[in-house]
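Read the structure below first, then the notes.
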Amino acid sequence: MSIAVTGATGQLGRLVVEDLLRRGVAPHDIIATGRDTDRLADLAERGVLVRQADFADSAGLTEAFKGARKVLLVSTTTVGERFDNHARAIDAAKRAGAQLIAYTSTLNAHSANMILANAHSKTERYLRDSGVPWVVLRNGWYLDNYTSQVPLYLQTGAVPGSAGTGRVSAASRRDYAEAAATVLTSEGHAGSVYELGGDTAFTLTELAAALSTASGQGVVYHDLPVEQYRSALLGAGLPAEMAEVLSDSDLGLKRGELFTASSDLRRLIGRPTTTLADALTEALGS
């Protein structure tokens with residue numbers, strides 16, 4: 001049973017490969033793909049099949065997926081190119097003979113109005129129409145999106161955003177990787193759409209309060225008009241497209257588009273999801 005994982009040079013894809021190995025999948029049954037295979041050299045040394053895959057190269061993608069019974073399509077990062085990249089990958093997996101394609105989408109992709117949701121919903125429709133059995137993993141927001149900003153939050157004493165009192169069902173990247181590995185190593189998932197999110201949703205005000213408790217420093221949430229938040233992101237050095245996407249996503253959070261009451265993630269990983277408190281403690285190194 002060969003399993004191909006795209007984006008194995010990225011954080012989520014790499015965690016999926018590591019979890020497959022932890023579960024006892026033979027290294028030669030894992031195909032780790034990425035554009036820069038030098039970054040996968042350590043996996044190759046452990047016996048994992050490493051193949052170059054460029055989402056702009058349809059023929060190369062087909063070759064990369066050759067022999068894979070299941071393919072995990074980890075969504076690509078460039079928003080404007082995302083759907084076309086995904087369509088090429090789905091077509092390539094079909095040509096290569098894949099019997100299941102699992103795709104990492106976004107929470108509530110069928111109804112969300114965030115910029116991020118558009119390419120995901122289009123990809124989901126394309127995947128359903130491909131004729132290949134499919135699974136959709138609608139990953140919610142990453143706790144890592146917040147914990148990676150902890151030093152800045154502590155430096156400024158504030159968590160900025162435009163989310164109002166919206167609640168986000170965030171979980172760790174590790175949780176989502178485990179869910180993907182579960183789907184790839186067990187049967188009965190074809191045709192399923194999993195809404196994946198953390199067990200306990202929180203507001204950004206609660207995030208700031210939790211960080212205050214964990215760090216012993218006072219941190220508050222600053223709710224900003226979206227234009228002001230976007231400007232702050234630009235001022236912090238983010239590219240214009242990313243600043244637009246992140247500020248728009250906070251509006252989605254405010255509307256409830258990053259919330260789910262589903263227990264799909266907990267059920268797939270067989271344990272409670274990572275808590276905000278535990279994630280902050282880990283980020284603080286304590």
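Treat the numbers as computed from the prediction; the structure is a model and nothing was measured.
Residues passing the ring pair (Phe, Tyr, Trp, His ring centres under 6.0 Å) test with His189 are Tyr194, sequence neighbours excluded. By the side-chain hydrogen bond (donor to acceptor under 3.5 Å, both in side chains) test, Arg173 is found to be paired with Gln11, Asp144, residues two or more places apart in sequence or in another chain being considered. Tyr229 is linked by a ring pair (Phe, Tyr, Trp, His ring centres under 6.0 Å) to nothing, counting only residues two or more places apart in sequence or in another chain.
Within the 3.5 Å criterion, the main-chain N or O of Thr273 finds no donor-acceptor partner in the side chain of Arg266. Side-chain N or O atoms of Thr203 include none that pairs as donor or acceptor with a backbone N or O of Gly166 at under 3.5 Å. At distances below 3.5 Å, at least one donor-acceptor pair connects side-chain atoms of Thr182 with backbone N or O atoms of Leu268. At least one donor-acceptor pair closer than 3.5 Å links the side chain of Glu195 to the backbone N or O of Asn108.
Comment: Arg88 does not engage Asp84 in a salt bridge, judged by the lack of any side-chain N to carboxylate O separation of less than 4.0 angstrom. One finds no salt bridge joining Asp57 and Arg35 here, because no Lys/Arg side-chain nitrogen approaches an Asp/Glu carboxylate oxygen to under 4.0 Å. A salt bridge is absent between Asp248 and Arg230; no separation between the charged side-chain nitrogens and carboxylate oxygens falls under 4.0 Å. With respect to the salt-bridge test (charged N to carboxylate O, under 4.0 angstrom), the residues Arg22 and Glu18 do not qualify.
Within the structure, ring-ring contact (aromatic ring centres under 6.0 Å, His included) pairs that include any residue of residues 71-119 comprise Phe83-Tyr126, His86-Tyr103, Tyr103-His120 (at least two apart or interchain).
Side-chain contacts under 4.5 Å among hydrophobic residues (ILVMFWY), followed directly or transitively, place Ile31 together with Leu49. Within the hydrophobic cluster formed by Ile, Leu, Val, Met, Phe, Trp and Tyr side chains joined at under 4.5 Å, directly or through other members, Leu234 stands alone, with no partner residue.
The nearest pair of heavy atoms linking Ala89 to Phe55 is CB-CE2, 3.6 Å.
No more than 12 heavy atoms of other residues, nucleotides or ligands sit less than 6.0 Å from atom CZ of Arg174.
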